[in-house]
Amino acid sequence: MSNVTVIGAQWGDEGKGKIVDWLASRADIVVRFQGGHNAGHTLVVGDQTYKLSLLPSGLVRGKMGVIGNGVVVDPEALLTEIDRVTAQGLKVTPETLRIAENVPLILPVHGAIDRAREEARGARKIGTTGRGIGPAYEDKVARRAIRLCDLAEPETLDWKLDELLLHHNTLLAGLGAPTFTKAALLDHMNALAPRVLPYMDTVWDLLDDARRAGRRILFEGAQAVMLDVDHGTYPFVTSSNTIAANAATGSGVGPGTVGFVLGIAKAYSTRVGEGPFPSELHDEMGRTLGTRGHEFGTVTGRPRRCGWFDAMLVRRAVRVGGINGLALTKLDVLDGLPEIKVCVGYELDGKEIRSFPSAPAAQARVTPIYETMEGWTDSTRGARSWADLPAQAIKYVRRIEELVEAPVTLLSTSPERDDTILMRDPFEG
């Protein structure tokens with residue numbers, strides 16, 4: 001049996017929650033390997049709706065959840081989320097949730113820096129959630145991060161806070177924002193430590209034992225390839241690597257452990273926040289897609305920008321993300337449209353190009369080249385086999401496969417967990 005890694009193939013919000021939940025029911029362990037509480041998955045189980053930001057989705061199915069070292073954790077946000085889902089009847093204990101001892105922590109100062117810098121950018125803002133994810137990753141790379149294991153060593157926490165505040169208070173003062181005192185941060189962290197430390201573990205060892213025992217591991221990504229800090233639409237990206245290769249680095253396993261890579265893509269495109277979006281629709285059709293698809297961010301509540309499926313960007317995600325197969329979601333949102341367009345290329349300064357440029361000025365000048373396909377009048381909602389799909393819907397899916405150069409191995413036809421057409425079982429490799 002193979003392990004499975006799930007990543008977004010667009011700009012996030014592709015419906016990973018349902019797919020991860022569906023796969024988690026058949027996994028033994030579910031691992032979060034990057035990101036922070038700036039991304040979320042919505043899972044509907046019976047009459048309960050769970051909105052998760054940090055907790056691995058497998059907890060909803062009674063499976064062990066692991067937060068890997070590639071995640072940045074806000075302890076306060078984590079405990080708030082645990083309290084919220086516990087009130088919904090979900091059991092989250094140190095027996096069901098393990099957190100890497102070397103995971104970097106998000107402190108209140110990180111959120112303050114994040115918000116102050118975003119405000120200072122003015123018209124050139126990136127569109128961050130202001131939750132401190134970026135600054136926490138910066139501290140990790142600058143080797144001044146406070147990690148979970150530091151909470152168990154008061155003397156380490158003491159001198160690390162000196163170094164951290166020397167940097168951040170200087171920047172906050174320069175931006176005209178309030179600074180932080182060491183005593184206040186120490187009190188904050190010491191109050192959280194007794195509740196967080198029981199979840200701490202040597203995750204790399206735990207996962208290697210699981211691998212050797214033949215247990216199924218599901219690696220759960222946040223955001224998506226086009227928000228990857230290296231391969232996305234930089235600088236309008238997240239602060240971590242979202243591609244499948246980081247599932248290994250971000251959880252402490254070898255690259256061969258990530259298994260089958262399943263990329264999630266909507267049957268159209270959406271994006272939250274700032275940044276280039278070649279196939280974005282600013283007309284009534286864009287608003288129709290947003291209304292039908294209930295396009296609002298799980299964490300932020302921000303309305304998502306909507307547009308046609310961009311096959312060139314998804315093809316890029318397939319190649320750099322290591323995607324073996326696609327899970328196509330929200331096909332039913334396109335039901336009843338007389339025609340559907342797909343972005344099959346770009347035009348830049350009068351010349352056709354086949355890939356999205358990396359330079360920001362060039363990105364702003366790009367215009368999409370569309371291929372128009374006939375729509376379908378029958379409903380695809382709730383379909384559970386190819387025989388239930390209209391012929392034109394099947395043609396649309398097949399054309400996407402050709403353009404992105406990857407098979408659609410799973411098709412989601414509604415938010416309901418069982419409204420899924422499976423062509424290839426990812427756990428079978």
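Given the structure is predicted, the values throughout are model-derived calculations rather than measurements.
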Checklist entry - Hey, is CD on Glu119 packed in by over 12 heavy atoms from elsewhere, all under 6.0 Å? => result no
Checklist entry - Can any side-chain N or O of Arg117 pair as donor or acceptor with the backbone N or O of Ala112 at less than 3.5 Å? => result no
Item to check | Student check: side-chain heavy atoms of Ser2 and Phe427 closer than 4.5 Å | outcome: no
Next on the checklist: Heavy-atom count check: over 12 atoms from other residues, nucleotides or ligands less than 6.0 Å from Lys160 NZ?
Outcome noted: yes
Item to check | Validation row: Leu207, Thr257 side chains within 4.5 angstrom (heavy atoms) | outcome: no
Checklist entry - Tell me, do Ile106 and His37 make a side-chain contact under 4.5 Å, heavy atoms counted? => result yes
Next on the checklist: Please give me the minimum heavy-atom distance between Cys306 and Gly286, naming the atom from each residue.
Outcome noted: CB-O, 3.6 Å
Next on the checklist: Do the side chains of Asp209 and Arg212 get close enough for a salt bridge, i.e. N-O under 4.0 angstrom?
Outcome noted: no
Checklist entry - Are Ser412 and Lys18 linked by a side-chain donor-acceptor pair shorter than 3.5 Å? => result yes
Item to check | Stepwise side-chain contact (heavy atoms from CB on, under 4.5 Å) check, Val203 with Val103 | outcome: CA-CA 10 Å; Val203 160; Val103 73; over 6 Å; no
Item to check | Sidechain-backbone polar pair: Asp378 side chain, Pro390 backbone, donor-acceptor under 3.5 Å | outcome: no
Checklist entry - Is any side-chain heavy atom of Trp11 less than 4.5 Å from a side-chain heavy atom of Arg304? => result no
Checklist entry - Does Lys63 pair with Glu220 as a salt bridge, N-O distance under 4.0 Å? => result no
Item to check | Residues Asp310, Arg271: salt bridge by 4.0 Å N-O rule | outcome: no
Checklist entry - When you look at Ile29 and Leu206, which way does the side-chain contact (heavy atoms from CB on, under 4.5 Å) test go after all the steps? => result CA-CA 10 Å; Ile29 300 175; Leu206 181 155; 4.2 Å; yes
Checklist entry - Closest approach of Gly65 and Leu59, non-hydrogen atoms and distance? => result N-CD2, 3.9 Å
Checklist entry - Is there a donor in the side chain of Asp139 and an acceptor in the side chain of His168, or the other way round, less than 3.5 Å apart? => result yes
Next on the checklist: Using salt bridge (charged side-chain N to carboxylate O under 4.0 Å, His left out), reason through Arg287 and Glu284 one step at a time and then give a plain yes or no.
Outcome noted: CA-CA 5 Å; Arg287 290 186 287 274; Glu284 186 59 34; 3.2 Å; yes
Checklist entry - Are any of the side-chain heavy atoms of Leu107 and His188 separated by less than 4.5 Å? => result no
Next on the checklist: I'd like to know if Asp335 pairs up with Arg381 as an ion pair, taking the criterion as any Lys NZ or Arg NE/NH1/NH2 lying under 4.0 Å from an Asp or Glu carboxylate oxygen.
Outcome noted: no
Item to check | Positive for salt bridge (charged side-chain N to carboxylate O under 4.0 Å, His left out) with Glu371, one of Arg399, Lys341, Lys395 | outcome: Arg399
Checklist entry - Any donor and acceptor pair, going by atom type alone, linking the side chain of Arg316 with main-chain N or O of Phe356 inside 3.5 Å? => result yes
Checklist outcome for this item: Minimal heavy-atom distance between Arg61 and Asp21, with the atoms involved, is NE-OD1, 2.7 Å
Item to check | Sub-4.5 Å side-chain heavy-atom contact between Met189 and Leu105 | outcome: yes
Item to check | From CD1 (Ile99) to CZ (Arg32), nearest 0.5 Å | outcome: 11.5 Å
Checklist entry - Under the side chain to side chain donor-acceptor pair (under 3.5 Å) criterion, do Asp83 and Thr80 qualify, and how do the steps go? => result CA-CA 5 Å; Asp83 290 342; Thr80 298; 5.7 Å; no
Checklist entry - Can any side-chain N or O of Glu14 pair as donor or acceptor with the backbone N or O of Gly12 at less than 3.5 Å? => result yes
Next on the checklist: Has Asn246 got a side-chain atom pairing as donor or acceptor with Asn241's backbone, closer than 3.5 angstrom?
Outcome noted: yes
Checklist outcome for this item: Closest non-hydrogen contact found for Ile133 with Gly36 is CG1-CA, 4.0 Å
Next on the checklist: Tell me if a side-chain donor or acceptor on Asp28 pairs with a main-chain N or O of Arg216 at a distance below 3.5 Å.
Outcome noted: yes
Item to check | Interatomic distance, Trp22 atom CH2 to Ser57 atom OG [nearest 0.5 angstrom] | outcome: 15.0 Å
Checklist entry - Which distance, rounded to the nearest 0.5 Å, do you find between the CG of Leu313 and the OG of Ser355? => result 9.5 Å
Checklist entry - How many angstroms lie between atom CG of Asp425 and atom OG1 of Thr409, to the nearest 0.5 angstrom? => result 9.5 Å
Checklist entry - By side-chain contact (heavy atoms from CB on, under 4.5 Å), which residues pair with Glu81, not counting sequence neighbours? => result Leu52, Ser53, Leu54, Leu55, Arg84
Next on the checklist: Tell me whether Thr413 contacts the main-chain N or O of Asp419 through its side chain, where contact means a donor paired with an acceptor under 3.5 Å.
Outcome noted: yes
Next on the checklist: Donor-acceptor check, side chain of Lys330 to backbone of Gly293, threshold 3.5 angstrom: yes or no?
Outcome noted: yes
Checklist outcome for this item: By side-chain contact (heavy atoms from CB on, under 4.5 Å), Asp114 pairs with (sequence neighbours left out) Thr128, Pro135
Item to check | Sub-4.5 Å side-chain heavy-atom contact between Ile82 and Tyr199 | outcome: yes
Checklist entry - Does the salt bridge (charged side-chain N to carboxylate O under 4.0 Å, His left out) test come out yes or no for Arg131 and Asp74, once each step is laid out? => result CA-CA 9 Å; Arg131 300 188 176 206; Asp74 182 327; over 6 Å; no
Next on the checklist: For a side-chain contact (heavy atoms from CB on, under 4.5 Å) check, start with the C-alpha distance between Thr242 and Val237, then their side-chain angles and the critical distance, and finish with the verdict.
Outcome noted: CA-CA 10 Å; Thr242 61; Val237 292; over 6 Å; no
Checklist entry - Any idea which heavy atoms bring Met285 and Leu337 closest together, and the distance? => result CE-CD2, 4.0 Å
Next on the checklist: I'd like to know if Arg121 pairs up with Glu274 as an ion pair, taking the criterion as any Lys NZ or Arg NE/NH1/NH2 lying under 4.0 Å from an Asp or Glu carboxylate oxygen.
Outcome noted: no
Item to check | Separation between NZ of Lys266 and CD of Glu295, rounded to the nearest 0.5 Å | outcome: 3.0 Å
Next on the checklist: Please evaluate residues Val73 and Val196 with respect to the criterion side-chain contact (heavy atoms from CB on, under 4.5 Å), reporting the C-alpha separation (whole Å), side-chain torsions for both, the decisive distance (0.1 Å), and the verdict.
Outcome noted: CA-CA 11 Å; Val73 173; Val196 178; over 6 Å; no
Checklist entry - Is there a donor-acceptor pair closer than 3.5 Å between any side-chain N or O of Thr5 and the backbone N or O of Val258? => result yes
Checklist entry - So how far is it from Ile400 CD1 to Glu405 CD, rounded to the nearest 0.5 Å? => result 14.0 Å
Checklist entry - Under 4.5 Å between any side-chain heavy atoms of Asp228 and Val320, yes or no? => result no
Next on the checklist: Main chain of Ala222, side chain of Gln34: is a donor-acceptor contact present, judged purely on distance under 3.5 Å?
Outcome noted: yes
Item to check | Ring geometry between Tyr396 and Trp376 (parallel below 30°, tilted from 30 to 60°, perpendicular above 60°) | outcome: tilted
Checklist entry - If you look at every heavy atom in Pro75 and Leu192, which pair is closest and at what distance? => result CB-CD1, 3.8 Å
